[in-house]
Amino acid sequence: MPDTVITVSRRSAVRGAALLGATAVAASTAGCQWGPPATVAAPAAKRDADATTVSQLTTAIATQAQLVADTATKHVGLATTLAPLTAMHRAHLAVLTKEPVTAAAAAVPPSPDAALSAVRRGEAALQRSLTAGAQHAASGPLARALASMAAGVAMHLAAAPTPAGRAA
Amino acid sequence: MTTEITPLQTAVAGEHAAVWVLGVIGAQAPEDSALRDQVTDAFRTHRSQRDHLVARITALGGVAVPAEPGYTLGDVSSSSAAWAAALEVEKKAAAVYADLVAHATGSDRSWAVTALVECAIRQLRFRGSPEIFPGTSELANR
C-alpha cells in the first residue's frame with residue numbers, strides 16, 4: 001500500500017480516493033453502531049476539480065508549515081509550543097501528497113507575541129480553507145479527510161497558547 | 001444530488017447513544033462541578049443535533065430510527081471514569097460525523113463538517129488531547 005492516500009495528480013487522486021474508501025469500509029465492518037455505511041464515489045467529471053483542491057490545499061498547508069518552522073527558528077522560545085503544529089502539518093501533507101512540498105520562507109514578526117499571533121491567524125485561515133475544501137469536494141472520502149484535517153487544526157488552535165496566555 | 005437517508009440514520013443512531021450516555025454521566029456528576037457543567041452543555045448540543053437529524057430524515061420522507069432501550073456503559077461513578085466516558089462519546093461522535101461528511105452533500109455536508117469540528121473541540125473540554133485526524137484516526141497510520 002502506498003504511503004499516501006491522495007496525491008496531486010489526477011490519476012493518483014482517483015486511486016487515493018479509492019483507498020480512502022476502502023479504509024472507510026474496513027472501519028465500518030470493524031465498528032458497531034458508530035461505523036460508517038458504504039462510501040460514495042466521486043463522479044468522474046468532478047475528479048479534476050478535486051485534484052485542484054488537493055493541490056491548493058497542499059500548498060496552503062506547506063505555506064503554513066513553513067511559517068511555523070521559520071517562527072520556531074527565529075523565536076526559539078516558541079519551538080516547543082509549535083512542535084505539535086509541525087507534526088500535524090507533516091501528517092496532513094502525507095495524506096494529500098507523496099511528493100516533497102516546499103514553500104517560500106515566511107516573514108516572521110520580530111516579537112514572539114506578534115509571531116505567535118501570526119501563526120494563530122495562519123492556522124485559522126488554514127482551518128477555513130480545509131473546511132471549504134471539505135464542503136465542496138466531489139469525492140466523499142476526500143471530503144471526510146479534509147473535514148478531519150480542519151477539525152485537527154481547530155483542536156490544535158484551541159489548545160495552543162495565545163500571546164496573552166503565554167505571557168501570564 | 002441529495003443526501004441519502006441511510007447515513008443520516010447512522011448519525012441519528014449515534015446521537016441517540018450520545019444523549020443517553022451523557023444523560024447518565026450528567027445525572028451522576030456532582031452538582032456545581034465542572035464535569036456536570038461540561039456534560040450538560042454537551043448533552044444539550046447532542047440532543048439538538050439529534051433533533052436536527054430527525055427533522056432532516058423526516059423532510060426526506062423517512063422515519064428516524066428510534067433510540068435503543070439502553071446502551072452499554074461502564075462504571076462512571078468515579079470522576080476520572082466519567083470524564084473518560086464523556087471523552088469517548090465525543091470521539092465516537094466525531095467519527096460518526098466524519099462519515100456523514102463523506103456521504104452527505106450540500107448543506108447537510110456543511111452541517112456535518114461543523115458538527116465534526118465542534119466534537120473535536122469538546123474533546124479538549126473533556127480532558128482530551130489535540131488529535132491530528134479527529135474522527136478518522138486510521139489516516140494517521142499512512
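Note: hydrogens, waters and symmetry copies are ignored here, and every other heavy atom, side chains too, is used. Predicted model only: the values in this text are computed from it and were never measured. Sequence lines set the chain letters: A, B, ... in the order given, protein chains first and strands last, and positions in each chain run from 1.
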Would you say [Y] ends up clustered with [X] if hydrophobic residues are merged whenever their side chains have heavy atoms under 4.5 Å apart, either directly or through other cluster members?
{"X": "Leu157(A)", "Y": "Leu116(A)", "answer": "no"}
{"X": "Leu57(A)", "Y": "Val153(A)", "answer": "yes"}
{"X": "Met149(A)", "Y": "Leu85(A)", "answer": "yes"}
{"X": "Val101(A)", "Y": "Leu142(A)", "answer": "no"}
{"X": "Leu53(B)", "Y": "Val101(B)", "answer": "no"}

Over all atoms of both residues, closest heavy-atom pair of [X] and [Y]:
{"X": "Val117(B)", "Y": "Ala154(A)", "value": "CG1-CB, 3.7 Å"}
{"X": "Ala151(A)", "Y": "Leu116(B)", "value": "CB-CG, 4.0 Å"}
{"X": "Ala91(A)", "Y": "Phe133(B)", "value": "O-CZ, 3.6 Å"}

To the closest 0.5 Å, what do you measure between CG (Leu139(B)) and NE2 (His92(A))?
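With rounding to 0.5 Å, CG (Leu139(B)) is 8.5 Å from NE2 (His92(A)).
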Give the interface residues of residues 37-45 of chain B toward chain A, defined by a heavy-atom separation under 4.5 Å.
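Within residues 37-45 of chain B, no residue comes under 4.5 Å from chain A.
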I need the contact set between residues 119-131 of chain B and chain A: heavy-atom distance under 4.5 Å, sorted by residue number.
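If one takes a 4.5 Å heavy-atom cut-off, the residues of residues 119-131 of chain B near chain A are Ala120(B), Ile121(B), Gln123(B), Leu124(B), Ser129(B), Pro130(B), Glu131(B).
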Which region of Ala137(A), side chain (C-beta onward) or backbone (N, CA, C, O), has a non-hydrogen atom less than 4.5 Å from a non-hydrogen atom of chain B, or is it both or neither?
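Both backbone and side chain.
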If you count heavy-atom pairs under 4.5 Å with chain B, which of Ser148(A), Ala160(A), Gly152(A) comes out on top?
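Sorted descending by pairs with chain B, the first entry is Ser148(A).
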Based on non-hydrogen pairs under 4.5 Å, which of Ala150(A), Ala158(A), Ala134(A), Pro84(A) is most in contact with chain B?
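Result: the option with the highest number of such pairs is Ala134(A).
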Flag the one option from Ala112(B), Ser110(B), Ala11(B) with the top tally of heavy-atom pairs under 4.5 Å to chain A.
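Going by pairs under 4.5 Å, I would pick Ser110(B).
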Treating Thr136(B) as the side-chain partner and Ala145(A) as the backbone partner, does any N or O pair qualify as donor plus acceptor under 3.5 Å?
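Absent.
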Verdict with reasoning, Arg144(A) to Leu100(B), per side chain to side chain contact (heavy atoms under 4.5 Å, CB included)
CA-CA 8 Å; Arg144(A) 177 175 179 267; Leu100(B) 183 57; over 6 Å; no
Run the side-chain donor-acceptor check on residues 25-32 of chain B: report pairs under 3.5 Å with partners two or more places apart or on a different chain.
none

Taking the side chain as every heavy atom from C-beta outward, state whether Ile132(B) and Met155(A) have any pair of such atoms under 4.5 Å apart.
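Contact flag for Ile132(B)/Met155(A) side chains = no.
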Excluding sequence neighbours, so at least two apart, what forms side chain to side chain donor-acceptor pair (under 3.5 Å) with His89(A)?
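Counting only residues at least two positions away or on another chain, His89(A) forms a side chain to side chain donor-acceptor pair (under 3.5 Å) with Glu123(A).
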